[in-house]
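Take a look at the structure below.
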Amino acid sequence: MKYNFLEIEKKWQEFWKTNKTYNVGFSSKPKLYVLDMFPYPSGAGLHVGHPLGYIASDIYSRFKRHNGFNVLHPQGYDSFGLPAEQYAIKTGQHPKKTTLENINMYRNQLDRIGFSFDWSREIRTSDPDYYKWTQWIFILMFNSYYCSIENKAKSIENLISLFDNEGGEKYKDELLDMGYSFNQLEWNNFNTKEKSEILMNFRLAYLTNGEVNWCEDLGTVLANDEIINGVSERGGYPVTKRKVKHWCLRISKYSERLLKGLDKIDWPDPLKEMQRNWIGKSKGVSLTFQVENSNKSIEVFTTRPDTIFGVSFLTIAPEYEDISYLSSNDNKLDIKEYINEVSKKSERDRLSDIKTVSGVFSGSYAIHPLNGKKLPIWISDYVLASYGTGAVMGVPAGDQRDFDFAKKFKIDIPNIFKDIDISNGAFSDKTGFKLINSEFLDGKDYNDSLELIINKIENENIGKSKIQYKLRDATFSRQRYWGEPIPIYYKDGVPKNISLNDLPLKLPEVDNFLPTKNGDSPLGNSKAWAWNEKDKKVISNDKINDIDTFPIELNTMPGWAGSSWYFHRYMDPSNNEEFVSKDSMNYWSDIDVYFGGSEHATGHLLYSRFYQKFLYDLDFLNKDEYAKKLVNQGMILGNSAFIYRKSGTLEYLSKNLISDIKTDKVRIDIKYVDSENKVDIEILKKMDKDFKDSLFVLEDDKFICVREQEKMSKSKFNVVNPDEICNQYGADTLRMYEMFLGPIEQSKPWDTRGISGVHSFLKKFWNLFFNEGEINLSDTEPSKEELKSLHKTIKKVSEDIEKLSLNTCISSFMICINELSSMNCNNRLILKDLVILISPFAPHFAEELWSQIGNSQSIVEETYPKYEEKYLVESEKVYPVSFNGKTKFTLNLSLDLNIQEIEKEVLSHEKTKSILNNNNPKKIIIVPGKIINIVI
RNA sequence: GCUCGAGUGGUGGAAUUGGUAGACACGUUGGACUUAAAAUCCAAUGAGCAGUAAUGUUCGUGCGGGUUCAAGUCCCGCCUCGAGUACCA
């Protein structure tokens, strides 16, 4: 029988489907939850890079299933959000339609690879039964606040009853920071709107009117992690600052816990480091500077209070709130112009313009809290409004930015470092200096002065120690159509949530779902988008002036709202009463291994940890981290092909062939390039009749291509479709080859040529079972060599899967099959174990052979072979014999020999004698079972 | 700039955590089978030098030092590439 992979794979995929082989439920077996980050169905379909992580997780899941675990291994779709909507807009279709089509396409492609997903648990974030719970969590956040005393989220009702009974006393400091102060009587005299405004400062999901990242081309607001290098992550469009009323999640309250939690999870260090940097904790001091001739003051944050006597000016951000108060009449016009100019700049311009120092003098002065000197207050965009207090103390001697600023605007640069030359730049090291011109700190170094100055600052009550985080609250509103509606309506201007019983608040039908440049949300186009409080349902906008009917929030949620908690829903996907039942939560608990890309480090992987901690605080979950272990699979790089223009020719443009016209090379779709890296002239002419071949370098009527490795992407014309590989070699070959390419976490280039090695390995394996087309197995006792080869492989493969070192597993399979082939092994006991052994890697292949050798049950629950030490015990060792560390020859000796006996054997060996040449060795090192080294 | 990570044959990558560097595969070369091709199988394959040959010998894990009987692996100092981040006070 031939290895007919097409037939076999089809047969077993159907078998698994009809027999629901991979569906799981509660069980007395130990649980294991293995998850892949779910895909967003994009329209381009899968390329061979996508399934890399899925294959690894599938092998791991199947292996664990063979080892007696009840494995939850689900899959679904992140089907709301920008990617899905962008594709719909590009193709001019409704996102609902394209999303469905894309999901079907993905499913077909996934099914061909033979994954062990439990599809009965599939979820889609755009499904109302799913997003009902996404909305519910939002409402929970809206109705919660972060209790700084207990350090956890609590119901806002607690806070309200506290204010009702005691006023604001317990939260005095926090309220003062917000600009409030009230006792019980005063609180109770506030009206609904006033109370709502105060509480809004506490809610974990809150409405605010502030600066956001606005992307005009996408027509929406973006969160910080959705912006890369000042442009939008999706599409690369410019981003500017804009003041917009929007919803935010108060993730910043969780900064410390998000940071600490990293220590107890087994996630890749680089990824944890990225999250740490993103959270950006820094310890310092906040200092108050009085404004001259005024009762106002400016608070600054500094990590270098030791340099306080080097302050020669203060700088505030252009967005600083008290700015008009500080502006003197003489400078008002200049200041206005400067602020205007800054606000027009896009994020990218501001970044690329880093070297240009700009600013304007406010006209006011502050007083140095320790030496009483007059300090000019400047306004500059090198100070960020969103970090710290939006104001800094300028220490030109100790900070390069302050130095550049002072130099440009001819501000005093006092030196505070003994014998250090600061004429060309600031000295910002924390070591190697002694202070001068610093009164009581003179002669002290960093550590000594730090303690003294902090004591002084706190004693004199001019500031206090403070911990500052970079992490900012997450912008939650999107002015887009394809997302979860925010379940809020506005009753007399006060936001109210729709209650759980009335969810989901379904996305309305609209005539036009396109985003607008001015930021109006497409939901505004809906004719029925008003909430009737009495009937608890959405009704026509015409009724909006009726009693009990109010406008509903027009913005939708960001893409990450649905993906921040989806892993819980797989545990209990069709529960209509709870987002996940207590039983399911207690049994499946958390993810044991989570596979996904590191590009989500500061997005999904941070937001989801925040959601987890929040739901944990409210006792909905039993763990405050949701994934014990995370594996970042690397990218598979594609081969891009280019043909080069002859030098001196004019630029050639073609819509069909060329995507890279700015350089002297022209991108060619890789599928037209032959194995000699050439592309046929006729193909290009067929693609584009205007193609001017005279402009390019030719050889034998073919164009010479140059290959470069890049990320695989449809727009780069370098994708390899897994379907094609499945057609040509089969899914099992694809699965094994992807693993064979290299370590899972590494980026590596795809090279289709290499696949033949894995394919012929499978054929070789297959052929061990057959003789002239018939199954032909021997039922005798296996030989010692056969058993050794098998058990060596069992040991290596079991250990390596556990370590997720899957590339080396494939190697050991190859070694084993090579050995067995040369022994002409057809022993049933040996081959039976090998079939189970390879079944996680090549499941169709294994099922077929399993049934061929007479089994009627599926192989997936079969117990994985255990290796037995006794087959591996060696009695002899081939010792490498080195002289001064260089191996000269090998010597086969019994492992029973002790050091003295080995030494005797080695020294009496003729080669040793000839190398020693009658000299005595200085030293002989013998490590039994390992090496022999003779020093001469 | 800062913070991580990585540099091993023509290529992808192995190497029991200090113990025979280059497993396994691709590619290449030669051979067998075939009218031929594909498929399959066999052999060689880090570089150099000497030899008809078996073999011997030198160099070799980015570069320069060090520790050690022994270093791809540990330590110090550089170089290059990749990723993340970016006026964070």
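When reading the values below, keep in mind they use all heavy atoms of this one structure, side chains included, and skip hydrogens, waters and symmetry mates. All of these numbers come straight from a predicted model, not from anything done at the bench. Reminder, nothing fancy here: chain letters follow the sequence lines and each chain counts from 1.
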### Message
Nearest to the A/Lys763 side chain among B/U85, B/A89, B/A39, which nucleotide is it?
### Response
B/A39
### Query
Hey, does the side chain of A/Tyr382 come within less than 4.0 Å of B/A89's phosphate (OP1/OP2), counting only N and O?
no
### Message
Between A/His791 and A/Tyr867, is the ring pair (Phe, Tyr, Trp, His ring centres under 6.0 Å) condition met? List the steps.
### Response
CA-CA 5 Å; A/His791 282 267; A/Tyr867 101 89; 7.3 Å; no
### Task
Under the side-chain contact (heavy atoms from CB on, under 4.5 Å) rule, collect the residues that match up with A/Ala317, sequence neighbours excluded.
A/Glu319, A/Val383, A/Ala385
### Residue A/Leu384, side-chain heavy atoms: nucleotide from B/G12, B/C87, B/U58 that is nearest
B/C87
### Query
Between B/G82 atom C1' and A/Met274 atom CE, what is the distance in whole Å?
13 Å
#### Entry: B/A23 and B/U61, which share atom name C1', separated by this distance in whole Å
15 Å
### Task
Determine whether the aromatic ring centres of A/Phe313 and A/Phe409 lie less than 6.0 Å apart.
no
### Task
On the 0 to 90° scale, with breaks at 30° and 60°, tag the A/Phe405-A/Trp378 ring pair as parallel, tilted or perpendicular.
perpendicular
### Message
Distance check, C1' atoms only: B/G22 and B/U11, in whole angstrom units.
### Response
13 Å
### Task
Using the P atom on both, measure B/U3 against B/A86 and round to a whole Å.
16 Å
### Query
Under 30°, 30 to 60°, or over 60°: which ring-plane class applies to A/His368 and A/Phe309, parallel, tilted or perpendicular?
parallel
### Query
If you find the nucleotide of RNA chain B closest to A/Ser386 and the one closest to A/Asn277, which residue's nucleotide is nearer the 5' end?
A/Asn277
### Task
Would you please name every residue forming a side-chain contact (heavy atoms from CB on, under 4.5 Å) with A/Glu802, sequence neighbours left out?
A/Tyr60, A/Phe63, A/Lys64
### Task
Kindly state each residue pair satisfying salt bridge (charged side-chain N to carboxylate O under 4.0 Å, His left out) with at least one member in residues 806-821 of chain A, sequence neighbours excluded.
A/Lys792-A/Glu819
#### Entry: Integer angstrom distance from the C1' of B/C63 to that of B/G72
15 Å
#### Entry: Sugar-phosphate only, base, or nothing, as touched by A/Lys886 at under 4.0 Å among non-hydrogen atoms
sugar-phosphate
### Task
Give the rounded distance in Å between these two atoms: CD of A/Glu710 and P of B/G82.
13 Å
### Message
So A/Thr315, base contact, sugar-phosphate only, or nothing? Heavy-atom distance under 4.0 Å.
### Response
nothing
### A/Phe761 CZ to B/A39 P, straight-line distance once rounded to whole Å
20 Å
### Message
Could you tell me how far apart A/Trp378 (CH2) and B/C87 (C1') are, to the nearest whole angstrom?
### Response
18 Å
### Query
On a whole-Å scale, what distance lies between the C1' atoms belonging to B/U40 and B/A21?
33 Å
### Query
To the side chain of A/Lys923, which of B/A89, B/A39, B/C69 is closest?
B/C69
### Task
Both distances under 3.5 Å, Watson-Crick or G-U wobble: on that basis, could you give the dot-bracket string for RNA chain B, with [ ] for crossing pairs and | for other-strand partners?
(((((((..(((......[....)))((((((.......))))))(((((....)))))..(((((..]....))))))))))))....
### Message
Rounding to an integer number of angstrom, what distance separates B/G18 and B/U73 when you compare their C1' atoms?
### Response
7 Å
### Query
Mind checking whether A/Glu233 and A/Ile227 have side chains closer than 4.5 Å, heavy atoms only?
no
### Task
Could you tell me how the ring of A/Phe813 sits relative to the ring of A/Phe761: parallel (under 30°), tilted (30 to 60°) or perpendicular (over 60°)?
tilted
### Query
Which whole-number value in Å describes the distance from A/Arg276 CZ to B/U3 P?
15 Å
### Query
How close or far is atom P of B/U68 from atom CG of A/Asn884, stated in whole angstroms?
15 Å
### Task
Considering only atom P, compute the distance from B/G66 to B/A14 and round it to an integer number of Å.
31 Å
### Query
Roughly how many Å is it from CH2 in A/Trp278 to P in B/C4, rounded to a whole number?
19 Å
### Query
Taking atom C1' in both B/G62 and B/C24, what distance in whole Å separates the two?
25 Å
### Message
One character per nucleotide, please: for nucleotides 14-29 of chain B, 5' to 3', B when the base has a protein heavy atom closer than 4.0 Å, S when only the sugar-phosphate does, - otherwise.
### Response
S----BB--BBSS---
### Polar contact flag, side-chain donor to acceptor under 3.5 angstrom, A/Ser312-A/Asp412
no
### Query
What residues, two or more places apart in sequence or in another chain, satisfy side-chain contact (heavy atoms from CB on, under 4.5 Å) together with A/Asn4?
A/Leu6, A/Glu7
#### Entry: Spacing of A/Met635 atom CE relative to B/G82 atom P, expressed in whole Å
12 Å
